[in-house]
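Only one structure is covered here, and it is reproduced in the block below.
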Amino acid sequence: MKSGYVAIVGLPNTGKSTLLNVLTGVKLSPVSPKPQTTRQRVVGIVNSPDHQILFLDTPGILEPRYELQRFMKQEIARAQADADVVLLVVEPAVPNLHSGPLETVLDRRRTVVAINKIDRIPESELPPVVEHYTRSGCSSVVPISALKQSGIEELRNALLTLLPNGMPYYPQDQMTTQPERFFVGELLREAVFMSYGEEIPYATIVEIAEFREQPGRKTLIRATVYVERESQKGILIGRQGRALKRLGSRARREVEIFLGQPVYLELTVETRPGWRRDQAFIRERFQDN
Ligand code: GDP
Ligand code: MG
């Protein structure tokens, strides 16, 4: 039996969350076309009779400008330190030496490079990219498309090769170690990313104020969306509350699919000036609850 932790790392927007969802077969991690959707690591568990792989999703690598980004960077380092194997997700271009995502990888000998989004390039462009990462001393290099679900089996095998022998860490019917309310918060944030342009998603943080399952009735979820300025609050709510209503129905659909049950979702918007620089506020909301 093989079992161990795999930290998924890489630049923002390379497809880490998409890949995690494909590997686990469930939508555990939010995906969006905008970078930096993932703010906290997520554990997804892949079970089979002969292995258990525990995936840590991480925020994209970036320089810490705000408290929030500093927190994200710590999470990336922590995930790698905790992991047996590092899965580096890159896009199919040969990076220049200085901005290379490889620099953040702590130990290349236990690193698998997934070259993702190969559906976007002609096949002839692939060999130099594979060559670049192979020469860098990483354990293996696997071209994939998370979106088209190709190369996934090869990738899983490459990871298993590096995974230590051992008993499963968690019961083999478990999919994650995060509580449901955590994923509900993530789905809400994803809905914000999908529904609003430019600055709004980066200025929001979602708090699940209440999550109550009620026998014979819809599950009640009350959530607060915090923004930094009154003007952002106005945009989020929209004329006669229409934008917020749209956001609510979008989020509710996703949450209902995830939980497999009908949900009553109540959304409130609040302004909290400068929350992105408020370390205590961020920590409180990002602790594994
Ligand atoms: P993350 O920031 O690394 O977690 O990236 P996401 O998983 O959120 O994906 C970022 C964007 O890339 C989304 O729009 C995805 O749909 C897209 N994407 C992910 N994997 C692929 C792929 O294999 N091919 C293509 N064409 N797009 C992809
Ligand atoms: Mg992500």
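Heads up: numbering here begins at 1 and tracks the sequence. Start at 1 and go down the list; that is how both ligands and their atoms are numbered.
- Close contacts of ligand 1 with Asp119, meaning ligand atoms under 4.0 Å from a residue heavy atom, involve 22 (C), 23 (O), 24 (N), 25 (C), 26 (N).
- Lys2 contributes a side-chain N or O that, together with a main-chain N or O of Leu160, makes up a donor-acceptor pair within less than 3.5 Å.
- Contacts between Asn116 and ligand 1 below 4.0 angstrom, taking non-hydrogen atoms only, involve the side chain exclusively.
- Of the options Leu19, Val22, Thr18, the smallest heavy-atom separation from atom 15 (C) of ligand 1 is shown by Thr18.
- Contacts of Asn13 with ligand 1, taken as heavy-atom pairs under 4.0 Å, involve both backbone and side chain.
- Within 6.0 Å of CD in Glu123 there are 12 or fewer heavy atoms belonging to other residues, nucleotides or ligands.
- At a 3.5 angstrom cut-off on N or O pairs, Lys148 does not count as close to ligand 1.
- In this structure, Tyr5 has its ring center no closer than 6.0 Å to that of Phe55.
- With distances taken over non-hydrogen atoms, the option nearest atom 27 (N) of ligand 1 out of Leu147, Ile8, Ile118 is Leu147.
- Checking only distances, Ile144 never comes within under 3.5 Å of ligand 1, N or O to N or O.
- The aromatic ring centroids of Tyr202 and Phe193 lie less than 6.0 Å from each other.
- Salt bridge Glu256/Arg253: absent, no basic N to carboxylate O contact under 4.0 Å.
- At a 4.0 Å heavy-atom cut-off, ligand 1 touches Arg120 through the side chain alone.
- The two residues Ala223 and Val206 have their closest heavy-atom pair at CB-CG1, 4.5 Å.
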